[in-house]
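Structure first, then comments.
The figures here come from the full heavy-atom set of this structure, side chains too, leaving out hydrogens, waters and symmetry mates. Lettering follows sequence order; numbering is per chain, from 1. Because the structure is a prediction, the values reported are computed rather than measured.
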Amino acid sequence: MADSMAEPIVHIRDLNSWYGRGKDRKQVLRGVSLDLAPGEALGIVGESGSGKSTLAKCVLGMVTDITGELAVNSPRPQMVFQDPYGSLNPAKKVGWILEEPLRAAGVKDREERRRRVAKFLSLVGLEEGHLGRRPAQLSGGQRQRVAIAAALIQGSRLIVLDEPVSALDVTLQAQILRLLADLKEELGLSYLFISHDLAVVYQLCGRVAVMTGGEIVEEGDVDEIYDHPKHPYTKKLLEASLTLD
Amino acid sequence: MVFARQRKQADTKNRKQKNWYLTIGIVLTACMLIFITVGFFWTPYKPSALSAADREAAPSLRHLFGCDQMGRDVFSRTLEGAGSTLTIALAVLAVGAVCGLVIGALCGYYGGRLDALIMRLCDAVAAFPSVLLALVVLAVTGPGKYNVIGALGVLFIPSFARLVRGEFLKYRDRDFVQSARLMGVGDLRIIFVHILPNIWPVLLSGLTIGFNNAVLAEASMSYLGIGVSPTEPSLGYMLKDAQGVFFTLPWCTAFPAAVAILLILGMGMVGEGIRERMGVAS
């Protein structure tokens with residue numbers, strides 16, 4: 001892993017970020033530093049309010065009130081949202097939803113768009129028949145597959161996954177996680193995986209960063225952190241997830 | 001589970017029952033539209049033709065709605081009047097809805113100071129009784145079809161703008177909108193292609209209410225004598241014309257009024273039906 005650090009796809013040093021304006025301006029990120037290598041999946045773990053979602057938004061360029069170094073070495077990084085019911089336009093059909101990123105990217109040729117949609121549709125395990133349906137006519141798992149296809153179709157190499165399986169039941173979680181792992185291998189993607197669920201992170205990520213209070217308190221290989229947590233907060237998180245299992 | 005299923009059944013049953021609104025509304029509105037469309041092309045008599053022999057004739061097979069004190073056929077005049085009322089109402093609605101939609105969409109999506117300013121302006125316009133304000137405008141510009149349309153149209157903007165703005169506020173931070181932004185979709189395309197289709201049901205029921213208000217507003221204006229010109233009577237103008245003979249020739253007021261009522265009732269039921277069907281609280 002150390003060699004691939006040479007040219008990281010995400011490079012962050014001493015990143016500070018604020019929320020709100022004037023008197024209400026609150027610091028959300030405090031001196032965050034991390035690197036994400038191409039083809040790597042990095043888990044960011046922490047409870048709600050720890051700043052992990054803000055960190056994701058910074059990487060996506062959705063938060064502008066920042067100081068520090070932030071370099072993203074991928075065209076248009078995309079995001080897969082937690083709630084597959086809210087991330088797909090309810091008024092549109094799946095075919096349209098998948099073609100829209102291509103239209104936005106300037107793919108004018110209709111046949112070309114159709115061809116690419118068909119390709120990504122099969123990549124995420126859906127069929128031609130799904131193209132004519134609206135999100136309301138799909139199951140939660142199918143919707144998340146559509147959302148993943150839409151995120152990938154522009155050819156982004158960096159995908160931010162914001163709790164992508166938290167809204168799904170356990171069997172579906174396993175399916176979607178396997179799909180994400182396969183896609184990562186096949187397309188050479190890098191993932192920034194935001195989650196509060198350590199078990200899920202363990203299945204997909206090689207490295208994990210633990211966040212609390214806007215800081216990264218511990219970072220390293222998943223096995224290392226799961227077996228020998230150093231920071232008390234990491235221990236607390238691990239204990240919580242173990243009791244749930 | 002059993003409870004949930006029973007409730008679901010009750011819900012769908014309710015929904016089916018309430019869809020009668022939509023069915024009856026559409027049938028009624030369709031009938032009125034056919035009636036009015038016929039009037040555009042054909043009337044049994046020339047609406048302005050005077051006939052001394054038929055003065056004050058009661059409704060009969062020769063004159064379905066009777067004749068007025070000058071011997072004009074009320075049926076023919078109602079056909080023409082309803083046509084002119086409908087045209088004006090639709091034009092008013094078009095002005096109000098299109099402007100309101102654009103203003104509301106931009107305000108709701110972008111927010112900020114301009115939004116606050118425009119909304120206060122809308123409040124100010126909406127605070128005046130609309131007919132009164134239209135009276136003032138027409139007093140300055142003079143009566144006439146196009147002035148009526150312009151004056152009423154402007155007054156209809158605030159209600160549409162507020163309706164559309166509220167919906168856009170609801171949608172602008174949804175995940176699918178953020179996702180579109182990340183993909184590099186332009187703001188205008190997000191507003192009109194991504195968000196707008198989602199608010200159609202709300203907009204549609206707003207349009208039916210607006211249509212009814214426009215019919216009523218036009219009728220009030222004509223009744224007050226500042227609406228359309230006498231050569232091109234509307235339903236409101238006919239009511240004004242016939243108020244002197246309300247008791248002696250009741251058919252002169254009853255039939256135009258009935259047509260106006262049916263037109264509004266039909267549209268109102270369509271709107272109610274849409275709201276029920278979409279589960280939008282009225």
- In this structure, are over 12 heavy atoms from other groups packed under 6.0 Å from A:R110 atom CZ? no

- Query: Hey, are the side chains of B:R189 and A:R103 touching, using non-hydrogen atoms and a 4.5 Å cut-off?
  - Reply: yes

- Item | Under 4.5 Å from any heavy atom of chain B - which part of A:A147 | neither

- Query: Which residues, numbered in order, of residues 108-125 of chain B come under 4.5 angstrom of chain A by heavy-atom distance?
  - Reply: none

- Query: What part of A:L60 lies closer than 4.5 angstrom to a heavy atom of chain B: side chain, backbone, both or neither?
  - Reply: both

- Over all heavy atoms of both residues, which pair between A:S87 and B:F176 is shortest? Give the atoms and the distance, please. O-CB, 3.3 Å

- Neighbour count above 12 (heavy atom, 6.0 Å) for A:Y19 OH: no

- Message: Atom CD of residue position A:E128 - does it have more than 12 heavy atoms of other residues, nucleotides or ligands inside 6.0 Å?
- Response: no

- Item | Contact check, side chains of A:Q78 and B:M183, non-hydrogen atoms, under 4.5 Å | yes

- May I ask you to decide if A:G86's main-chain N or O and B:D175's side chain share a donor-acceptor pair within less than 3.5 Å? no

- Are any side-chain N or O atoms of A:K92 and backbone N or O atoms of B:V193, one a donor and one an acceptor, separated by less than 3.5 Å? yes

- Message: Would you say that more than 12 heavy atoms from the other residues, nucleotides or ligands in this model lie under 6.0 Å from the NZ of A:K184, or not?
- Response: yes

- For the side chain of A:E100 and the backbone of B:A180, is there at least one donor-acceptor N/O pair under 3.5 Å apart? no

- Identify which of A:A104, A:A105, A:P77, A:A151 forms the greatest number of heavy-atom pairs closer than 4.5 Å to chain B. A:A104

